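On a predicted model such as this, the values are computed, not experimentally measured, just so you know. Naming: A, B, ... by sequence-line order, numbering from 1 per chain.
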Amino acid sequence: DTRQETLIVLSGASINSLDIHRTGTNRPSYQVAVNMYDRLVSFGIKESANGSLKYDSSTIKPELAESWELVDDGMSYLFHIRKDATFWDGSPVTADDVKWSFDRAISLGGFPTVQMKAGGLTSPEQFVVVDKHTFKVKMFKPSKLTLPDLAVPIPMVINSTLAKKHATKDDPWATEYLHKTPAGGGAYMLERWVPGQQLVYKRFDDWKSGDLPKMKRVIVREVPSSATRRALIERGDADVALGLPSKDVKELMSYPSLKVSSSTIDNTIHALGLNMNFEPFSKTKVRQAIAYAIPYQEIFDVAAYGMGKPMWGRDTEKATSILWPQPFPYNTNLEKAKSLLAEAGYPNGFEVPISINLGFSQWTEPTALLIQENLKAIGISAPVNKIPGASWRTKALVEKGLELHLKNFGGWLNYPDYYFFWAYIKGHLFNSMNYDNPEIKSLVDSSLHMEVTDSQYDTNVKRLIDIATDEVPMIPLWQPSLDVVMKSNVSGYVNWFHRQLDIRAFSKE
Amino acid sequence: MNNTFETQESFAQRLWFTANQNILSLVSLALFGLYILIGLTSPYWIPFDPLETNTSIALQGPNSQHWFGTDHLGRDVFSRVMIATRLDLGIAVSAVAISFIIGTALGSIAAYYGGWYERLIGRLADIVLAFPLFVLAMGIVAVLGNSLINVIYATAIINIPFYIRIARAEVSLQRDRQYVQAALLSGNSHLRTLFFHILPNCLPNLVVQISINMGWAILNAAGLSFIGLGVRPPAAEWGILVAEGADYIISGQWWLVLFPGFFLMLAVFTFNLVGDTLRDLVDPQKRK
Amino acid sequence: MLYDKGLLILKRVMLAIPTFFGVMVISFCLTRTLPGDPAVYFAGVLADEASIQQVREQLGLDRSLPYQFLAYCQNILQGDFGRSLSTGQDVLDEIRTRLPASLELTLLGLFFALITAIPLGIIAALKPNSWVDHVCRILVTCGASTPIFFSGLFLMFVFYYLLGWAPSPIGRLDFIYLEPLHITGFYTIDALLVGDLETFKAAFSQLILPSTTLALCALAPIARMTRSSMLTSLESEYVKAAKANGIPAKKRVYLYALQNASLPLLTVIGLVFGFLLGGNVLVEKVYSWPGVGSFAIEALIASDYAAVQGFVLIMAILFVSLNLLIDIFYTLLDPRMGRNE
Amino acid sequence: MDKQPLLSIKNLAIDFETRRGTVRAVRDVSFHLNRGEVLALVGESGSGKSVTAYSILNLLDKNGRLAEGEIFYNGMSLHNANKKQLEEVRGREIAMIFQNPMSTLNPIRKVGQHLRDMLKTHGYANWSNLEAEIEKLLHQVEIFDVDRVKNAYPFELSGGMCQRVMIALALACRSQLLIADEPTTGLDVTTQKSIMDLVHNLAKEGDLAVILITHDLGLAAKYCDKFVVMEKGLVVEQNPRSHFFADAAHPYTQKLLLATPSKDASLSELTSHSPDYLHLPEPSKATTPLLQVKGLRKTYGKQTNFLFSSATEEFVAVEDSHFEIYSGECVGLVGGSGSGKSTTSRMLSRLEDPTSGRILFEGTDITAISSKDFIRHPLRKDIQMVFQDPTGSLNPRHSVFDLISEPLLRLGAYRSKEDLNSKVEELTRQVGLPSEFIYRLPHQLSGGQKARVGIARAIALQPKLLILDEPTSALDVSVQATVLQLLETLRRELGLSYLFISHDLYVVKMLSHRLLVMQEGKIVEQGMTKEVMSNPQHPYTQGLMAAIPVIEKKSPALAEL
Ligand SMILES: Nc1ncnc2c1ncn2[C@@H]1O[C@H](COP(=O)(O)OP(=O)(O)OP(=O)(O)O)[C@@H](O)[C@H]1O
Ligand SMILES: Nc1ncnc2c1ncn2[C@@H]1O[C@H](COP(=O)(O)OP(=O)(O)OP(=O)(O)O)[C@@H](O)[C@H]1O
Ligand SMILES: [Mg+2]
Ligand SMILES: [Mg+2]
């Protein structure tokens with residue numbers, strides 16, 4: 001195939017497994033699940049204001065399932081699987097495959113299981129094979145999260161006949177096999193995978209779950225240095241560059257040979273976390289003082305280069321919409337910060353290290369430095385503590401031992417209560433602040449499975465936002481945007497909540 | 001009669017003489033002096049606070065205000081490069097001092113006493129040298145955490161085997177010289193003989209190693225910074241400055257990488273060259 | 001005499017064993033003290049306490065350290081280096097594919113360094129303290145003074161970005177070529193073996209910039225050593241005697257002096273090779289080179305202990321065998337070895 | 001003279017560029033040499049002998065150059081010759097052998113390769129007759145196990161063998177002129193004799209002209225026809241052998257002749273002025289020995305590795321020695337190189353522990369104290385030593401003052417600065433060292449001065465026993481003479497006892513009362529010096545006596561002095 005039908009993508013990250021269910025599979029590897037496997041359903045795609053494509057969390061569209069309906073008094077979904085869909089080896093996709101795949105996701109433990117749980121899917125009994133092409137998902141409790149949770153990358157459909165051939169007694173789910181050899185029926189097949197170097201996709205010409213993709217071959221090449229990625233795309237040696245720093249994106253926007261797809265990432269905030277276990281931060285006034293000390297605009301200019309959405313300076317004190325994330329009503333006001341600090345009993349400040357994740361030093365480092373400088377102005381000295389990516393998880397999320405830290409959590413399912421569930425409830429993974437508020441807990445519990453259309457939902461969420469605003473255990477800085485730079489003849493990039501590359505829609509002129 | 005003793009050549013005289021030996025010695029000594037001077041005095045005359053950010057003037061090219069331009073946070077690159085001299089020299093000096101003291105002591109004991117000491121210490125050096133040294137340094141910093149002191153430790157540890165080797169070679173050369181026996185005969189204990197008679201005579205070659213090592217230490221610290229395991233920000237350190245600047249070359253902000261890179265290079269260059277000159281300076285045979 | 005040498009070589013080989021053991025102990029301790037809990041990392045993004053504990057047990061991390069060490073030694077002896085957490089591959093497989101990449105780069109770098117530094121050193125030694133000598137010294141010292149990542153970036157900026165002479169710095173081969181059949185793992189050699197000149201050219205041109213970067217920092221030690229050992233042998237009695245005996249200058253310099261000077265040079269080359277293998281780490285990062293160095297960085301930062309241990313151990317084996325090889329060479333080349341010991 | 005001389009040198013002057021400007025090392029040197037003649041170039045160290053010789057073949061160091069004068073070889077001007085012509089002459093016409101045969105052969109080339117290089121370079125052999133030619137050459141220099149030698153590396157051969165190989169190389173192209181720069185200095189007396197005999201025979205039989213450079217007048221006297229004496233870069237005297245000893249006119253030559261130890265010379269005759277000690281009485285001899293050595297033995301184990309600790313080869317350096325030293329007495333110890341003299345001295349001075357045997361010092365068994373603890377023992381200051389190499393035994397970083405005051409500080413009770421100063425000054429006066437030198441570093445001193453520092457340091461604490469391990473072997477004869485006299489003076493003045501070690505029988509004879517002869521670790525003969533010398537019993541002693549070149553000093557010219 002020609003260069004015209006080949007897409008060259010530069011990625012800064014390394015794909016470490018072809019099986020998203022496997023423990024240890026890293027984030028960049030999720031794209032394999034997206035491109036090589038199909039799910040029953042998928043989210044829709046919409047065009048955003050600036051012309052770039054973005055997933056639409058409000059519509060669910062068919063993928064392997066031609067159609068579906070709520071049955072059993074709204075306690076089950078019944079899916080009708082496409083009759084013409086086959087796996088790469090030509091065998092038809094059946095409900096047995098779906099069941100095996102879903103069972104696998106909830107049985108392997110770790111990430112897939114937890115993600116399935118978010119949609120209320122916890123037990124194999126919930127997955128029922130009705131007939132060859134009909135599949136039922138039972139719910140224990142009706143939830144607005146169940147159907148969207150089937151559209152995330154995890155519940156992909158695996159060729160179970162093939163996989164089972166490679167299963168062993170110790171490894172009933174064939175993790176060893178699927179780790180290196182995908183067995184699916186997605187739009188793309190694996191041509192070659194050299195871990196640490198490149199992954200080459202080849203189009204599956206008999207794909208039925210959507211329009212046949214335009215690109216015959218897609219090469220995803222790992223180029224760790226962002227400067228090199230920029231140089232390559234700038235010189236036209238590649239078609240798509242992922243993970244460029246905002247500054248480069250900003251500059252490349254003006255190049256006629258390139259184009260940039262940029263849109264904010266749903267349900268995601270870059271924020272400053274304040275750990276309640278650290279004495280001064282247990283006082284609300286101190287937290288507010290810090291919220292007033294942040295040089296928001298400078299950070300936004302320098303660390304984000306203005307890409308994304310500001311999360312400060314809302315002019316109403318109470319939340320007026322349930323839009324999430326939304327700006328908090330804080331501003332940079334050092335005088336106010338100082339007086340709040342004095343009121344809280346720390347007129348002379350204190351010392352607290354500000355921890356940042358080395359893996360994201362692009363934005364965390366300048367942000368930390370700017371915060372550090374302003375904190376100094378109100379008497380708080382904050383040495384910067386760089387933590388390597390891997391230990392970050394342990395230190396920030398598991399041990400929750402970082403006093404002051406920059407965090408960026410994003411929820412895959414685009415609901416404010418889903419965000420609050422992970423980030424504001426004591427003990428939950430992304431509540432690295434050790435924040436504990438019973439009201440939030442009960443509000444989230446009651447809203448989580450509630451339909452958005454419910455009027456109570458609106459009240460609940462506003463209340464949640466108001467508490468978060470008032471108590472500021474975590475100070476939002478901005479909502480980041482996902483920026484991808486492409487050659488101007490390339491189109492079809494879709495901004496997904498999982499931030500992975502979906503190569504199915506790409507085309508080249 | 002008593003007052004007609006010949007006086008020894010003074011240090012200044014020797015310095016002058018050695019410097020005049022060849023043009024490279026002179027240049028390297030002068031640069032060496034300049035770096036030390038900058039290191040000692042820079043806090044008193046740099047034009048801007050090296051840590052103060054001012055985003056309104058971020059990424060300005062060199063101009064009359066900011067001779068080396070400004071960085072992405074609007075800090076003055078000139079001030080940062082100058083103040084970094086202090087930190088980098090500090091890292092180099094302390095790391096090299098640690099490895100020199102430990103390595104030389106171990107190496108000379110190994111060579112002087114031989115036997116099990118020699119085997120044990122030799123093995124130790126071999127083991128450390130069997131690691132890719134930069135990776136070992138990375139590992140140490142990764143384990144201990146990236147702080148200034150740990151960067152120094154890591155740099156010191158990876159240099160110890162070199163001192164062990166050199167000291168061992170030098171001491172075993174000197175050990176058989178007759179002045180060693182003469183010293184013992186004059187009532188010096190073995191340790192005293194080793195440290196006050198033998199070691200000073202190994203100094204000339206050790207000095208060369210020291211000065212080369214200072215260069216390495218700076219490069220090592222810079223490499224660690226490049227990986228992200230170096231000194232903590234916002235401290236200005238040449239390696240960090242270059243590493244940060246590296247992201248800006250392609251986008252055309254060359255001053256961020258060029259000036260600190262050049263300063264770093266020149267410093268290592270100076271250390272490499274000044275070694276031979278310093279050796280001549282400490283070698284008594286080179287005196288008149 | 002041959003017997004003496006054999007014994008000497010055997011001795012060297014035996015001496016390497018405690019070194020390996022030491023390396024294993026140190027790398028084990030080092031990796032176990034790396035921050036970050038591998039179980040947490042391994043368990044994945046959303047794992048809860050129970051699944052973390054489950055992973056911990058799976059990995060044997062709940063056992064005592066001495067037990068873990070013994071298990072580790074046993075595995076190593078069976079050729080099982082464990083699995084890298086971050087890349088998900090068997091460490092041994094990973095190293096098997098990546099080591100040739102690093103070696104190819106390093107060897108070519110060393111080769112470039114040798115063909116520049118040795119002539120420079122000889123020229124300098126033939127005219128000590130002349131301006132030629134000074135220029136050589138400044139040149140090689142400049143090379144040694146530049147941080148390896150700085151020169152890497154600089155070369156890339158000039159030759160790829162500005163001039164466009166070099167191919168895109170994206171690893172061992174450009175997209176358009178298929179990697180050659182795996183024979184030695186060295187792309188250039190494999191391509192030549194199957195007679196694929198196109199691919200050879202492509203693979204070689206990818207190598208030029210990174211290996212030049214490496215060569216730059218290897219110039220100084222080699223040139224310095226060439227100069228000083230050439231000086232020593234040129235000033236030696238036997239060269240003087242050869243002169244008195246009417247042996248022509250060329251023969252004196254290249255046959256007598258250089259031959260003798262090559263012995264200490266050999267030791268330095270060994271050291272430099274080791275140093276370059278270590279220095280690879282930075283070059284590989286700059287040039288996206290899929291070698292063991294970049295693997296090590298990632299692994300270290302990710303606290304990927306199996307990978308780090310495997311890397312360190314393989315490197316140690318490589319270093320020690322390299323030194324062994326050099327020792328053996330030395331022993332074979334220098335007739336004095338094995339006699340006066 | 002009817003025929004043209006083979007080599008003639010006229011008004012030669014040589015300059016060196018040094019750190020302190022241009023130095024003229026040699027000036028106004030003229031001499032000539034005929035075929036079959038052996039010319040001796042004698043003079044003290046640094047007098048310009050080697051420089052003169054090197055200038056003939058244009059082998060001067062880079063910083064040297066021929067400033068004036070002319071050198072003609074067979075009518076051809078060597079100083080104007082170009083590179084090519086020089087390469088023709090070198091090795092083929094004029095050959096040279098150097099002082100240290102071991103380091104003059106390329107250590108990693110086999111002997112055979114050296115010879116092949118030589119023969120092929122100058123076209124004296126082709127492939128077919130190469131090996132035969134080599135065999136012939138080696139036979140010529142009396143090497144008969146040709147195959148072994150040909151395939152040996154230089155370090156596998158003894159010094160004497162290497163020197164023969166060097167001579168074979170020199171003869172390879174049937175050169176006409178052989179320049180030998182101190183060809184036997186590193187070799188022991190018996191080897192020295194056989195090498196010199198060989199050169200002499202070759203010269204006489206092969207009509208070869210030889211320039212023999214040496215500082216040993218005895219050697220020159222035995223083998224040379226013609227003498228050129230140099231001092232400070234100048235030729236001070238030139239005579240054929242027949243006139244040389246009789247007509248030595250220049251005071252320098254006379255001084256040199258005087259200072260050369262010979263069979264009948266006594267210590268006082270070595271210098272023209274009469275030494276101080278003559279008016280000092282011989283110290284009274286005690287009846288009980290100061291030092292008794294009983295069954296002293298030292299073995300060295302071959303270095304073994306802990307992995308291969310099996311076979312330990314023992315090497316016996318000193319075997320079952322018995323002897324005594326009485327106070328006030330000087331005992332001489334002679335023996336060839338490697339015979340165990342230094343090992344014995346190290347054990348006596350308690351720097352090393354004997355393997356077995358006892359050393360009684362004034363009745364105390366000092367072997368009971370390990371050498372490590374002996375450093376702090378009160379007897380430490382009673383046994384001191386002067387080392388063989390005056391340069392190597394002085395710490396290059398310490399000034400004369402530091403060096404001399406070291407034992408005073410460590411072992412003596414000198415605490416105040418004044419005491420120390422006055423004591424050091426007294427010592428420098430005693431050994432005749434100008435007191436303004438005391439802040440100099442060793443490398444700023446001459447050989448004789450360094451030897452004096454070594455002696456001053458050793459006598460600083462008035463030891464009862466002073467061990468002198470070849471204290472003058474690195475010195476010129478005239479310096480040696482004064483040092484020997486100084487030692488005698490000190491012995492009489494301070495009542496010291498000496499163990500005087502040397503390989504030179506004549507030197508020992510002048511100083512010592514009794515003599516010990518060592519061979520391969522064993523004391524093979526001991527007795528009163530005069531008796532052993534006049535009537536050696538052991539074949540080894542006899543051989544030693546015979547190998548020493550004899551010069552007839554009792555010539556009329558000297559008698560006048
Ligand atoms: N390369 C040189 N540079 C400067 N001076 C030199 C050099 N070579 C020799 N000389 C000087 O020339 C003088 C004569 O030296 P030469 O080597 O000829 O003495 P020598 O008579 O052979 O002494 P020895 O018996 O010690 O060999 C010495 O004073 C020495 O300092
Ligand atoms: N430390 C040692 N280890 C092994 N062998 C030694 C050691 N010291 C001396 N020997 C050996 O002991 C023998 C006697 O050596 P010693 O130095 O006593 O000889 P010497 O008579 O002083 O010779 P010279 O006249 O050359 O100084 C020599 O063969 C030497 O190689
Ligand atoms: Mg000489
Ligand atoms: Mg001796």
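Taking CG of D/Leu475 as the reference point, atom CG of D/Asp389 lies at 9.5 Å (rounded to 0.5 Å). The line from CD of D/Gln449 to CZ of D/Phe437 is 4.5 Å long, rounded to the nearest 0.5 Å. Taken to the nearest 0.5 Å, the CD1 atom of D/Ile404 stands 6.0 Å off from the CG atom of D/Leu433.
Heavy atoms closer than 4.5 Å to chain B are found nowhere in D/Arg350, neither backbone nor side chain. Heavy-atom distances place no part of D/Lys381 under 4.5 Å from chain B, backbone and side chain included. Only the side chain of D/Leu351 comes within contact range of chain B, with heavy atoms under 4.5 Å apart. D/Glu352 does not touch chain B: none of its heavy atoms, backbone or side chain, sits under 4.5 Å away.
Under the side chain to side chain contact (heavy atoms under 4.5 Å, CB included) criterion, B/His197 pairs with B/Tyr179, B/Ala183, B/Asn188, B/Thr193, D/Asn395, D/His398, D/Glu406, sequence neighbours left out. Under the rule for a ring pair (Phe, Tyr, Trp, His ring centres under 6.0 Å), the partners of B/Phe32 that lie at least two apart in sequence or sit in another chain are B/Phe271. Taking D/Thr364 as the reference, nothing meets the side chain to side chain donor-acceptor pair (under 3.5 Å) condition, with sequence neighbours excluded.
In terms of heavy-atom pairs under 4.5 Å with chain D, the best-connected choice from B/Gln181, B/Gln174, B/His190 is B/Gln181.
Note: B/Tyr117 and B/Tyr113 have tilted aromatic rings, judged against thresholds of 30 and 60 degrees for the angle between ring planes.
Checked against a 6.0 Å centroid threshold, the rings of B/Phe100 and B/Tyr163 count as neighbours.
Inspection of non-hydrogen atoms places no residue of residues 126-144 of chain B under 4.5 Å from chain D.
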